[in-house]
Amino acid sequence: MKIPKNYNPKEVEQKWQNYWEKNKIYKFDPKSKKKIYSIDTPPPTVSGKMHLGHSFSYSQMDFIARFKRMQGYNLFYPFGTDDNGLATERLIEKEKKVKAKEMSRKDFIKLCLTTLKTLRKEYLRDFKLIGLSCDWDIFYTTINDHCRKISQKSFIDLYKDKRAYRIKSPITICPHCNTAIAQVETEDKDKESTLNYIKAKLETGDYIIYATTRPELLPACVGITLDKNGTYVRAKKDNEIWIISKEAFDRFKDEWKLVKKEEIKGKDIVNKIVTLPITNAKLTLLHDTEAKTEYGSGIVYWCTYGGVECLEYLERHPEIEPIHIMDLSGKHILGPYKGLNSTEARKKVLKDLKDNNALVLMEKIKHTVNVHERCGTDIEYVSTEQWFIKYLDLKNKFLKAGGKLNWHPDYMKHRLYNWIKGLKWDWCISRQRFFGVPFPLWYCKSCGEVILADEKDLPVDPLKNKPKKCKCGSKEFIPEKDVLDTWATSSMTPQIAASLFPKVYDKLYPMSLRPQAHDIITFWLFNTMVKSQLHNNINPWKDVVISGWALDPKGKKMSKSKGNVIEPQEMMGKYSADSLRFWAASTKLGEDSSFQEKELISGQKFSTKLWNASKFSFMHLKEYKPKKPKNLETIDKWILIKLNKIIKDSTKSFENYEYSKTKADVENFFWNTFCDHYLEIIKDRLYNADKRGIKGKKSAQFTLYHSLLAILKLMSPIIPHITEEIYQLYFKKHEKQKSIHISEWPTQFKIVDKKTERIGDEFIQILNKVRKFKTQNKLPLKHEITLTIPNKNKLKDVLEDLKAVTKAKEIKQGKLNIKKL
RNA sequence: GGGCCCGUAGUCUAGUGGUUAUGACGCCACCCUUACAAGGUGGAGGUCGGGUGUUCGAUUCACCCUGGGCCCACCA
């Protein structure tokens with residue numbers, strides 16, 4: 001077989017990707033008796049293009065998959081896409097330049113489904129390009145019938161278990177997207193705002209001053225509080241008496257021209273009636289534990305709902321009735337600002353307050369607000385009917401379950417613990433959106449009962465389908481229009497994938513491994529664990545491996561808005577998929593990596609070196625017969641001993657999911673020990689068999705064959721394309737497997753000679769000294785010398801090799817000495 | 001404010017309670033050696049973020065400080 005002079009990754013990578021897919025190299029065999037290793041592959045959200053972070057973490061998971069497959073496992077390695085929910089709606093709106101709100105639900109869903117068909121295909125191609133060894137026939141999308149059915153069944157089971165419940169409750173909503181959103185869908189944004197100091201009249205005739213960033217919620221004010229043990233000041237301002245905390249007085253006395261009349265305690269004015277400006281609503285001034293004298297004016301007002309703190313206030317004072325002022329669109333539904341949203345109402349209320357002489361000061365502040373991560377809109381808290389999964393009572397159970405997972409790296413478990421401990425709300429699973437899995441239920445029009453879909457009819461769409469009748473006899477129903485939160489479905493990927501093979505379901509679930517990146521521990525990992533625990537009382541997987549993030553060259557998160565996005569497609573085009581994977585393998589599991597384009601050169605160079613070393617090897621293996629010679633030369637045994645160590649260490653590293661260690665060890669062994677030393681040593685025996693004897697050549701050939709094959713196999717999980725190409729070019733005709741990726745993982749050679757390693761090591765030391773001597777004397781490495789060595793007798797079996805590789809005319813016994821000729 | 005992770009040469013990175021701190025890119029010098037100049041050999045480059053402590057000995061362990069990242073909470 002003629003081997004091309006240069007390696008062409010573009011052609012070769014495509015060729016083998018096609019071959020693997022066509023020959024179903026990575027096919028899961030449900031009938032096989034081999035032990036199953038199952039991977040709960042993350043279904044990426046279809047978002048147009050695979051990004052660099054994907055190629056980073058999916059490569060890392062693929063290293064493990066390929067290793068396990070070669071170890072002899074029957075690999076269950078599916079691939080799915082997550083393509084419903086808000087993210088998908090946004091994508092379709094952008095791609096098709098439409099607005100979901102302005103279309104009929106039916107048309108929008110239809111558009112989503114048809115558009116996704118094309119997008120999904122293009123998106124999947126990206127993942128195939130990096131050489132993922134998934135069984136692409138095991139495929140699901142979280143919006144298909146199979147997933148809808150499982151998701152709806154899950155809901156029905158949880159409802160029957162009294163875990164799913166519907167309640168009118170304050171929930172975070174996005175006024176822009178018109179939907180409820182979960183805790184995890186929000187992010188922080190630093191904004192400039194004003195802390196507004198507002199005057200309200202007390203029944204005594206004095207005025208209290210309260211401070212707020214949400215003045216527009218005045219019509220929804222449900223409490224004004226202070227600290228009963230705090231010190232406040234009655235101060236004269238023109239003809240009025242103002243009451244603020246002592247700290248506030250000290251801060252503002254000059255600016256506001258206040259004259260202190262007396263100091264009082266908060267309790268002196270508790271229970272007095274306050275009249276609010278504009279609305280003239282009357283409230284009782286109360287004590288509250290959260291009112292602190294040092295912030296603002298020391299007097300707090302609470303609304304429905306200014307934020308979490310207002311929710312908590314109402315929890316502390318259950319006797320107070322909330323005033324629901326907003327609907328899902330974020331607009332006021334009552335009061336003087338009816339029809340306006342928060343921004344509009346705020347502008348207007350501030351003007352009105354000013355006109356009423358009630359606005360004392362607008363203090364500029366910077367504060368952090370919660371915004372919807374998908375659109376950047378400030379979130380609001382609104383009370384609406386939503387479906388929840390009850391789980392706050394199970395925090396301890398989840399903590400225990402989390403601890404039972406084998407975390408790699410171990411410390412990542414703290415992120416889950418931290419999250420569980422901080423949970424405050426049950427899981428809100430309803431979304432007022434369109435493209436998602438529908439709730440499988442209706443409400444009876446006459447008695448209001450919840451009517452669940454029949455399990456045998458799943459999946460259902462309550463807007464299209466109808467139940468037979470209600471228990472009360474009524475045949476009129478109101479369908480639930482809401483859809484399930486996308487995580488309610490994607491949290492079932494282990495069950496979704498496993499149930500594609502019902503006969504071996506029990507062997508697939510719980511899965512062996514969940515690989516994912518660290519940013520979604522708190523939702524995807526946590527939610528999946530929750531579902532598995534709620535339904536089956538078990539963990540969904542045994543092991544968890546957590547990948548880091550690919551960051552930009554400066555170590556910052558990549559984002560379109562920052563313009564620092566690096567496209568993996570471009571990098572693969574410029575270098576190769578193997579180079580990109582080689583880079584992904586150079587970072588420890590869990591560690592973030594800032595991407596430096598020059599690092600792809602390392603992978604490229606490694607490929608070139610591997611190619612050239614193979615080219616050399618095959619030149620000398622033309623007439624090779626796979627038969628072990630009776631006696632191996634000492635140096636050949638030496639390299640096999642070194643190889644054994646690498647095989648042992650690599651296997652162990654891989655078993656601990658430390659692929660980066662395997663990669664580094666093999667890389668070093670190959671380049672240094674194998675190429676720079678071993679290949680140079682055996683050249684003479686291979687080229688000059690007439691002088692050195694055929695036995696020496698056969699020994700070298702045998703060793704060369706097996707060590708190169710082992711190196712290829714050890715590296716094949718990391719760089720699958722070039723290793724396959726080299727395997728196919730030569731090794732395949734001697735080996736039984738039609739792909740290196742389903743060949744056996746290398747095992748150690750049986751070599752018992754203990755002295756050999758020391759002899760070889762001493763040999764290398766002498767060789768290094770000779771090379772140094774030649775370089776320092778500016779001689780070419782082939783320059784001939786006379787060599788004197790201290791242990792000539794010990795090295796008697798390798799003297800011919802030593803002579804050849806050092807170009808020594810003669811080797812003498814004595815103190816180490818090198819002389820040029 | 002809380003949790004977790006990280007800080008090692010110009011850049012990226014390995015690593016360990018103990019001789020001279022690993023490798024790669026880049027840099028310098030030499031070598032066209034029958035696989036490979038996209039190579040080989042040799043070299044320069046580091047107060048292992050700063051401080052304190054534990055120890056015979058700390059880059060490694062503990063504490064504090066500082067810078068960065070991610071997650072969470074958050075001030076009316």
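Please read these numbers as outputs of a predicted model, since none were measured by experiment. Below, read A as the first sequence line, B as the second, and so on, with proteins coming before strands; counting in each chain starts at 1.
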Check: Between A/Gln60 and A/Ala584, is there a donor-acceptor pair closer than 3.5 Å when you use the side chain of the first and the backbone of the second?
Finding: yes

When all nucleic acid strands are considered with a 4.0 Å heavy-atom cut-off, which category describes [X]: base, sugar-phosphate, or nothing?
X        : result
A/Gly298 : base
A/Thr213 : sugar-phosphate
A/Cys675 : base
A/Leu195 : sugar-phosphate
A/Asn777 : nothing
A/Ala613 : base
A/Gln604 : nothing
A/Phe618 : nothing
A/Lys292 : base

Can you tell me which nucleotide in [options] comes closest to the side chain of [X]?
X        : options                : value
A/Glu680 : B/rC36, B/rG26, B/rC30 : B/rC36
A/Glu591 : B/rG40, B/rC70, B/rC6  : B/rC6
A/Asn418 : B/rG2, B/rU11, B/rC31  : B/rG2
A/Lys424 : B/rC30, B/rC36, B/rC74 : B/rC74
A/Gln596 : B/rC12, B/rC25, B/rG39 : B/rC12
A/Lys598 : B/rA24, B/rC70, B/rG10 : B/rG10
A/Lys588 : B/rC12, B/rA14, B/rU41 : B/rA14
A/Trp419 : B/rC72, B/rG15, B/rU11 : B/rC72
A/Glu599 : B/rG39, B/rC12, B/rG3  : B/rC12
A/Thr522 : B/rG39, B/rC71, B/rA38 : B/rC71

Notebook entry, point to check: Would you call the rings of A/His414 and A/Tyr417 parallel, tilted or perpendicular, where under 30° means parallel and over 60° means perpendicular?
Noted result: perpendicular

Please list, chain by chain and in numerical order, all residues satisfying ring pair (Phe, Tyr, Trp, His ring centres under 6.0 Å) with [X], sequence neighbours excluded.
X        : answer
A/Tyr232 : none
A/Phe63  : A/Tyr659
A/Phe252 : A/Tyr197, A/Trp256

[atom1] gap between [N] and [M], integer Å:
N      : M      : atom1 : answer
B/rU66 : B/rC30 : C1'   : 45 Å
B/rA14 : B/rG7  : P     : 8 Å
B/rU33 : B/rG49 : P     : 44 Å
B/rC61 : B/rG40 : P     : 35 Å
B/rC71 : B/rG10 : C1'   : 33 Å
B/rG43 : B/rC56 : C1'   : 36 Å
B/rG23 : B/rU16 : P     : 16 Å
B/rA62 : B/rC5  : P     : 10 Å

Note to self: Quick check on RNA chain B: between A/Glu294 and A/Met619, whose nearest nucleotide comes earlier from the 5' end?
What the structure shows: A/Met619

Notebook entry, point to check: If each of A/Leu679 and A/Trp671 is mapped to the nucleotide of RNA chain B with the nearest heavy atom, which maps nearer the 5' terminus, i.e. the 5' end?
Noted result: A/Leu679

Could I get a table of every N or O pair under 3.5 Å where one atom is in the protein and the other is in nucleotides 43-46 of chain B?
| unit_1 | atom_1 | unit_2 | atom_2 | d |
| --- | --- | --- | --- | --- |
| B/rG43 | OP1 | A/Lys772 | NZ | 3.3 |

For [X] and [Y], which I'm curious about, is there any donor-acceptor pair between the side chains at under 3.5 Å?
X        : Y        : answer
A/His372 : A/Asp378 : no
A/Tyr575 : A/Glu597 : yes
A/Asp684 : A/Asn688 : yes

Watson-Crick or G-U wobble partner of [N], both distances under 3.5 Å:
N      : result
B/rC48 : none
B/rG7  : B/rU66
B/rC74 : none

Margin query: Centre-to-centre under 6.0 Å for A/Phe670 and A/Tyr678, is that the case here?
Written below: no

Notebook entry, point to check: Under the side chain to side chain donor-acceptor pair (under 3.5 Å) test, which residues partner A/Ser614, sequence neighbours left out?
Noted result: none

Take the protein atom [atom1] of [X] and the nucleotide atom [atom2] of [N], then report the distance between them rounded to whole Å.
X        : N      : atom1 : atom2 : answer
A/Leu416 : B/rC5  : CG    : P     : 15 Å
A/Leu781 : B/rU34 : CG    : P     : 11 Å
A/Asp665 : B/rA14 : CG    : P     : 13 Å
A/Glu312 : B/rA73 : CD    : P     : 11 Å

Checklist line | Sequence neighbours excluded - side chain to side chain donor-acceptor pair (under 3.5 Å) pairs with any residue from residues 772-781 of chain A | finding: none

Item checked: hbond_proxy A/Lys778 side chain to B/rC31 base (donor-acceptor, 3.5 Å cutoff) -> no

Next item on the list: Verify the contact: side-chain N or O of A/Lys605 to OP1 or OP2 of B/rC25, cut-off strictly under 4.0 Å; return yes or no.
Entry: yes

Notebook entry, point to check: Is A/Lys609 near enough to B/rG40 that one of its side-chain N or O atoms lies under 4.0 angstrom from OP1 or OP2?
Noted result: yes

Item checked: Residues which pass side chain to side chain contact (heavy atoms under 4.5 Å, CB included) with A/Glu11, listed by chain and number, not counting sequence neighbours -> A/Asn8

Next item on the list: Output all residues satisfying side chain to side chain contact (heavy atoms under 4.5 Å, CB included) with A/Lys803, sequence neighbours left out; order by chain, then residue number.
Entry: A/Glu800, A/Ala808, A/Ile811

Enumerate the protein-to-nucleotides 67-69 of chain B contacts in which both atoms are nitrogen or oxygen and the separation is below 3.5 Å.
| unit_1 | atom_1 | unit_2 | atom_2 | d |
| --- | --- | --- | --- | --- |
| B/rG69 | OP1 | A/Lys556 | NZ | 2.9 |
| B/rG69 | O2' | A/Asp592 | OD2 | 3.4 |

